[in-house]
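The structure under discussion appears below in the form of structure tokens.
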Amino acid sequence: MSLETYLPFMAAITGAFMVFVAFLVVRGEDLVYSSSSLAVLGMLNALMIAILGYYLIAAFLVVVYVGAAVMFIIITVSMLGGKSPEPREEWKGFFTAGAVGTAIFLLAATVTAYLGFTRPGTISSGSVAGELLQGHEAVVGIILLALAATLVEAISIARRG
Amino acid sequence: MSLVDSSVAGIALVTGAFLTGIAAYGMTYSRNFIRQMLSIEVLFNAVLLFIIVMSSLKPALLTAVGIIVISVVSGEVIVLVSVIAAYYRVAKSLESSSLEEEGV
């Protein structure tokens with residue numbers, strides 16, 4: 001049997017772990033451990049995306065999101081103190097959350113059934129760069145400017161006070 | 001759409017729906033800013049899964065869109081954490097108002 005036969009099984013295991021780790025992010029007692037769980041969730045999400053066939057997005061998610069953004073969260077939360085008093089309102093929004101999750105699933109399943117999903121073949125980095133730089137130059141330029149402005153904004157906010 | 005593709009896509013959709021529900025729960029039950037921000041990040045992971053499964057773009061363009069989305073969200077996270085740190089310096093607390101206090 002080929003590896004492709006096992007993909008649904010691997011996706012199911014990964015999905016179950018993702019739900020468990022997401023629960024740890026939301027319910028963990030210590031915020032530092034919750035932030036660390038977010039890094040694990042990001043890596044599991046990258047695994048799921050790789051199973052879906054988008055290896056470049058998976059690699060980018062690990063390098064940029066988990067490696068930079070989530071690490072920044074973990075370090076900041078560690079400095080602020082992970083065990084600060086945290087008011088909780090148990091079971092509040094539980095049914096709302098269930099309703100939101102169900103509604104989103106039904107909508108997404110309907111759209112996917114209509115559009116269909118096919119795992120892509122090999123996606124070269126050259127073809128992705130071509131998509132970005134041929135016909136979408138203005139978009140890329142605006143995003144680069146916005147990200148630079150975002151960094152300046154973050155630094156100025158953090159230094160204030 | 002082959003059986004493997006539809007199975008994997010269905011599992012990803014179910015996972016995304018669970019993550020969306022957990023994120024909504026985390027945002028409503030905790031009044032700590034950091035916990036609410038972490039819940040929003042869980043929601044981002046769900047949305048990224050939805051974008052990939054639901055999109056009808058060609059694979060190379062969808063990969064480019066995914067890279068752009070991840071870049072923008074990473075920038076947003078950095079600003080959000082900076083705002084939380086600045087707020088903590090001023091208020092010495094990370095507690096948000098309860099829904100009842102806001103009349104919800």
Side-chain angles (χ1 to χ4, degrees), chain A residues 4 7-8 11-12 15 18-19 22-23 25-26 31 34 38 41 45 48 51-52 54 56-57 60-61 64-65 68-69 72-73 76-77 80 86-89 92-93 97-98 100-101 104-105 108-109 111-112 115-120 123 127-128 131-132 143 147 150 153-154 157-158 160-161, chain B residues 1 4-9 11-22 24-26 28-32 34-35 38-39 41-42 45 48-50 52-54 56 59-64 66-68 70-75 77-79 81-83 85-86 88-90 94-95 98:
Chain A
E4 196 167 281
L7 283 181
M18 283 178 74
V19 172
F23 194 72
V25 173
V26 170
L31 286 169
S34 291
L38 185 65
L41 179 65
N45 198 17
M48 180 68 92
I51 291 172
L52 288 168
Y54 289 89
L56 279 175
I57 298 182
F60 200 77
L61 187 70
V64 175
Y65 181 69
F72 186 71
I73 293 176
T76 308
V77 172
L80 289 178
E86 184 182 359
R88 290 182 173 185
E89 297 170 352
K92 173 164 276 189
V100 167
I104 292 286
F105 171 72
V111 173
T112 308
L115 294 175
F117 173 78
T118 308
R119 292 181 75 250
I123 307 169
S127 60
V128 176
E131 287 290 344
L132 277 172
I143 287 169
L147 286 177
T150 302
E153 183 186 351
I157 290 172
R160 186 171 296 169
Chain B
M1 190 161 60
V4 170
D5 291 348
S6 58
S7 305
V8 172
I11 291 166
L13 287 180
V14 171
T15 306
F18 269 110
L19 293 188
T20 307
I22 290 172
Y25 174 63
T28 47
Y29 103 100
S30 176
R31 287 168 54 191
N32 186 292
I34 294 177
R35 182 81 65 189
L38 294 176
S39 303
E41 295 307 313
V42 173
N45 281 284
L48 191 60
L49 272 182
F50 283 136
I52 290 172
V53 176
M54 291 168 64
S56 61
L61 183 56
L62 180 56
T63 304
I67 287 172
I68 288 171
I70 294 168
S71 307
V72 171
V73 168
S74 300
V77 164
I78 291 170
V79 171
V81 172
S82 304
V83 168
Y88 182 72
R89 275 192 210 155
V90 174
L94 290 173
E95 189 178 331
S98 72

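What you see below is based on every heavy atom in this structure, not just the backbone, and it leaves out hydrogens, waters and symmetry mates. Chain naming here is simple, since letters A, B, ... match the order of the sequence lines and numbering starts at 1 in each.
Of the listed residues (B:V77, B:T15, B:T63), the greatest number of heavy-atom pairs within a distance under 4.5 Å of chain A belongs to B:T63. The most heavy-atom pairs under 4.5 Å with chain A, out of B:A24, B:G66, B:S74, come from B:S74. The candidate from A:V64, A:I104, A:V128, A:V100 with the greatest count of non-hydrogen atom pairs under 4.5 Å with chain B is A:V128. Listed options A:L56, A:L41, A:V111 were ranked by heavy-atom pairs under 4.5 angstrom with chain B; first place goes to A:L41. When each of B:L61, B:V73, B:L19 is scored by its heavy-atom pairs under 4.5 Å with chain A, the top score falls to B:L61. Ranked by heavy-atom pairs shorter than 4.5 Å toward chain A, the options B:A86, B:A60, B:A85 are led by B:A60. Between chain A and the residues B:G16, B:A64, B:S39, B:A12, the most heavy-atom pairs under 4.5 angstrom are made by B:A64. Interface check for chain B: of the options A:T76, A:I51, A:I73, the most heavy-atom pairs under 4.5 Å are formed by A:I73. Chain A forms more heavy-atom pairs under 4.5 Å with one residue of B:L48, B:I68, B:I11 than with any other, namely B:I11.
Nearest heavy atoms, B:I78 versus A:A154: CG2-CB, 3.6 Å. Between B:L49 and A:M18, the shortest heavy-atom distance links the atoms CD1-CE, 4.0 Å. Across every non-hydrogen atom of A:L80 and B:Y88, the tightest pair is CD2-CD2, 3.4 Å. Across A:V19 and B:F18, no two heavy atoms sit closer than the pair CG2-CB, 3.6 Å. When all heavy atoms are compared, the tightest approach of B:Y29 to A:V26 is OH-O, 3.0 Å. The two atoms that bring B:G21 and A:A97 nearest to each other are O-CB, 3.1 Å, heavy atoms only.
Looking at A:I123, the atoms closer than 4.5 Å to chain B (heavy atoms on both sides) all sit in the side chain, from C-beta outward. Residue contact with chain B, scored on non-hydrogen atoms closer than 4.5 Å, involves the backbone and the side chain of A:I57 alike. For A:A68, no part lies near chain B; criterion is any non-hydrogen pair under 4.5 Å. If you measure heavy-atom distances from A:L38 to chain B, the contacts under 4.5 Å come from the side chain alone. Using a 4.5 Å cut-off between heavy atoms, A:Y65 contacts chain B through both its backbone and its side chain.
Taken to the nearest 0.5 Å, the CG atom of A:L31 stands 5.5 Å off from the CD1 atom of B:I34.
The number of heavy-atom neighbours closer than 6.0 Å to CZ of A:F23, taken from other residues, nucleotides and ligands shown, is 12 or below.
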